[in-house]
2 protein chains.
Amino acid sequence: MARVATGESVLSRAVRILAVFGPDERALRVSDIAARTGLHVATASRLVAEMVQLGLLGREDDRRVRVGVRLWELASRASPTLSLREAAMPFLEDLHAVVGHHAQLGVRDGTDVLFVERLSAPGAVVNYTRIAGRLPLHASSSGLVLLAHAPHELQERVLAAPLARFTPHTICTPSRLRRTLADVRRTGHASCPGFIHEQALGVAVPITDGTRAVVAAVSVIVPNDPTDDQATRAVVPALRAAARGISRTLSR
Amino acid sequence: MARVATGESVLSRAVRILAVFGPDERALRVSDIAARTGLHVATASRLVAEMVQLGLLGREDDRRVRVGVRLWELASRASPTLSLREAAMPFLEDLHAVVGHHAQLGVRDGTDVLFVERLSAPGAVVNYTRIAGRLPLHASSSGLVLLAHAPHELQERVLAAPLARFTPHTICTPSRLRRTLADVRRTGHASCPGFIHEQALGVAVPITDGTRAVVAAVSVIVPNDPTDDQATRAVVPALRAAARGISRTLSR
DNA sequence: ACCCGATTCTCATTCATCGAGAGGGATTCA
DNA sequence: TGAATCCCTCTCGATGAATGAGAATCGGGT
């Protein structure tokens with residue numbers, strides 16, 4: 001039977017297949033994939049079979065498929081995220097030991113911050129961040145740091161878009177976001193009490209490379225105590241020390 | 001002009017493009033990619049442009065392209081390697097603190113061990129292992145553990161293939177490999193003095209999931225001192241403790 | 001400013017890919 | 001245990017997404 005003209009490439013279809021997997025759905029059947037992507041089941045079956053053969057997907061025993069180990073390898077071994085993470089790791093571990101709770105490393109991707117590393121402790125405060133997870137730039141401390149030092153065009157684009165609200169404390173007006181970005185540039189850090197979760201305070205500072213360009217943010221998530229107005233001030237020195245160490249390593 | 005019938009799919013070509021990037025070559029030009037893959041430069045240019053658009057690749061400022069952050073995200077967020085790594089991380093950190101040098105986490109992929117995590121210390125003994133790097137099963141302590149507990153068919157396949165030699169100590173005969181695998185199953189650990197590098201001793205134990213299947217190996221690399229025949233015995237208890245903790249976490 | 005290599009664009013051609021439908025296997029339910 | 005249903009794969013005719021040749025454009029070096 002004649003193929004249907006959609007103008008969509010095979011590559012685009014394969015990426016959409018990969019995109020249906022997530023931390024909450026790590027294995028899916030072919031019929032699920034077809035349903036989620038809108039692909040014909042015969043097409044989905046054939047593409048899945050080829051992706052399995054290439055290592056992009058792997059088959060489980062119960063007819064479901066999952067993301068393949070080879071894909072992780074191809075994506076990681078030459079990835080800027082891995083080299084950044086390797087440079088950052090010793091400093092992130094130190095930061096984590098000092099501050100406890102969560103220590104995180106994020107990079108900008110489009111209008112989001114993507115977390116490439118997160119160290120957590122048992123009993124740490126609630127944290128919605130996941131490794132390989134995203135948050136909008138305006139709503140997280142890492143995101144605000146990355147946005148404050150982003151090209152002007154990107155800042156305008158974020159300011160022009162709807163600003164999603166997670167809690168009553170999340171920034172959701174352009175004017176407040178402009179003021180916050182100016183503060184971040186002036187003080188060199190971002191502090192976000194209750195932006196994503198009422199009980200969590202996020203604090204982040206920028207990481208620069210050898211050309212002083214901001215390439216990532218390092219942050220911690222600690223308990224948000226509205227009666228403690230010194231909590232941010234307490235963690236900033238350790239964040240800055242970690243950031244300096246990471247930047248130094250990146251500059252070699 | 002008419003396309004040339006090679007029988008090769010677009011997906012296969014895209015994977016071959018991704019495969020040319022490695023830890024030693026993280027950014028390449030389109031003409032390099034065409035040369036390495038044998039693709040026509042117009043085809044390489046077009047595929048690269050599309051992969052950039054999809055986030056599988058990213059453009060650098062100097063006409064070179066690198067692996068894209070979105071690819072890392074798709075590969076990681078639902079990856080069994082990431083969930084294994086997250087389960088293992090606290091125990092790996094403890095192991096690393098106790099043993100020093102290197103602590104590693106590996107999974108089997110085909111006839112190789114793929115390292116999904118590696119913690120290293122400043123001044124640690126030489127280690128050729130890289131995160132997202134591979135070693136043949138027969139030549140590394142992690143690999144021997146994974147092979148010893150692999151399906152019989154895979155063991156026969158490895159035994160039938162040429163066994164690559166890295167140092168004079170590397171296992172390179174089938175009979176010696178059979179004996180070693182039997183020892184690994186009997187003792188519950190693998191010890192590899194000087195297999196990959198003369199000065200490095202690798203020791204590994206298996207990690208099981210809830211069904212007692214061996215799903216990964218945890219290992220350490222410490223200095224290889226031929227006059228110290230107790231080095232392996234010294235690290236095995238800490239390795240076993242880490243493996244038990246990881247297995248327990250995986251079984252929830 | 002010029003040259004050259006690298007890259008992209010255009011376009012005729014075609015084969016890799018598609019979807020419909022059939023067939024077989026797996027799962028579920030009575 | 002058998003029937004019904006669902007899931008998945010395979011085949012094949014149709015075709016448009018993809019290719020490669022050559023021209024055009026761009027970027028870097030001198």
Side-chain angles (χ1 to χ4, degrees), chain A residues 1-21 25-68 71 74 78 151 210-211 213, chain B residues 1-21 25-68 71 78 211:
Chain A
M1 208 299 178
R3 70 192 293 175
V4 172
T6 62
E8 185 179 25
S9 69
V10 173
L11 260 184
S12 171
R13 291 177 169 207
V15 167
R16 291 205 292 113
I17 289 175
L18 290 173
V20 303
F21 295 91
E25 279 183 311
R26 295 167 179 270
L28 292 161
R29 298 173 306 166
V30 167
S31 55
D32 297 323
I33 292 169
R36 305 289 179 90
T37 57
L39 294 169
H40 194 281
V41 71
T43 302
S45 176
R46 196 178 42 253
L47 286 174
V48 163
E50 186 175 4
M51 291 169 80
V52 167
Q53 188 186 18
L54 293 165
L56 305 183
L57 295 173
R59 287 202 195 269
E60 306 268 86
D61 291 331
D62 61 345
R63 319 192 88 156
R64 294 187 298 157
V65 294
R66 54 164 170 76
V67 170
L71 178 67
L74 290 173
T211 67
Chain B
M1 210 302 179
R3 69 190 292 174
V4 173
T6 62
E8 184 179 25
S9 69
V10 173
L11 262 183
S12 171
R13 291 178 171 208
V15 167
R16 290 205 292 112
I17 288 175
L18 290 173
V20 302
F21 296 92
E25 278 182 312
R26 295 168 180 268
L28 292 162
R29 297 173 307 164
V30 167
S31 53
D32 297 324
I33 292 170
R36 304 289 178 87
T37 58
L39 293 170
H40 194 281
V41 71
T43 301
S45 174
R46 197 178 41 253
L47 286 174
V48 163
E50 188 177 2
M51 291 168 80
V52 167
Q53 189 186 17
L54 293 166
L56 305 183
L57 294 174
R59 286 200 194 271
E60 306 268 86
D61 290 333
D62 60 346
R63 319 195 86 159
R64 292 187 299 158
V65 294
R66 53 165 171 75
V67 170
L71 178 69
T211 69

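Every heavy atom of this structure was used, including side-chain atoms; hydrogens, water molecules and symmetry mates were not. Since this is a predicted model, take the numbers as computed values, not measurements. Every chain is numbered from 1 and lettered A, B, ... according to where its sequence line falls, protein lines coming before strand lines.
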Base versus backbone protein contacts along nucleotides 2-10 of chain C [heavy-atom cut-off under 4.0 Å; B, S, -]: ----SSBB-
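As a whole-Å value, the separation of B:E50 CD from D:dA18 C1' is 10 Å. Here C:dA16 presents its P atom at 14 Å from CG of B:L39, a figure rounded to the nearest Å. In this structure, B:D62 places its CG atom 10 Å from P of D:dG29, rounding to the nearest Å. The distance between atom CZ of A:R3 and atom P of C:dA20, rounded to the nearest whole Å, is 13 Å. Separating the CG atom of A:L47 from the P atom of D:dC10 is a distance of 14 Å, rounded to the nearest angstrom. Atom CG of A:L28 is separated from atom C1' of D:dC7 by 15 Å (rounded to the nearest Å). Between the C1' atom of C:dC18 and the NE2 atom of A:H40 lies a distance of 9 Å, rounded to the nearest Å. Rounded to whole Å, the distance from CD on A:E8 to C1' on C:dC18 is 12 Å.
Remark: A:A19 pairs with B:R70, B:L74, B:R77 by the side-chain contact (heavy atoms from CB on, under 4.5 Å) rule, at least two apart or across chains. Residues satisfying the salt bridge (charged side-chain N to carboxylate O under 4.0 Å, His left out) criterion with A:R63, sequence neighbours excluded, are absent altogether. A:R36 pairs by the salt bridge (charged side-chain N to carboxylate O under 4.0 Å, His left out) definition with A:E25, not counting sequence neighbours. A search for salt bridge (charged side-chain N to carboxylate O under 4.0 Å, His left out) contacts involving A:R26 returns nothing, not counting sequence neighbours. By the side-chain contact (heavy atoms from CB on, under 4.5 Å) test, A:A42 pairs with A:H40, sequence neighbours left out. For B:R46, the side-chain contact (heavy atoms from CB on, under 4.5 Å) partners two or more places apart in sequence, or in a different chain, are B:T43. Partners of B:R13 by salt bridge (charged side-chain N to carboxylate O under 4.0 Å, His left out), not counting sequence neighbours, listed by chain and number: B:E8. A:A213 meets the side-chain contact (heavy atoms from CB on, under 4.5 Å) test with A:D209, A:T211; sequence neighbours excluded.
For the helix from C:dA1-D:dT30 to C:dA30-D:dT1, the axis fitted to the five pairs at one end and the axis fitted to the five pairs at the other end meet at an angle of 70° (nearest 10 degrees).
Within the structure, every pair that satisfies the side chain to side chain donor-acceptor pair (under 3.5 Å) test and touches residues 50-61 of chain A, not counting sequence neighbours, is listed here: A:E50-B:S9, A:E60-A:R66.
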Could you walk me through whether A:L11 and B:L56 pass side chain to side chain contact (heavy atoms under 4.5 Å, CB included), step by step? CA-CA 10 Å; A:L11 260 184; B:L56 305 183; 4.2 Å; yes
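Against DNA chain C, the stretch residues 10-18 of chain A makes heavy-atom approaches under 4.0 Å through A:V10, A:R13.
The side-chain heavy atoms of A:L18 and A:L57, taken from C-beta on, include a pair separated by under 4.5 Å.
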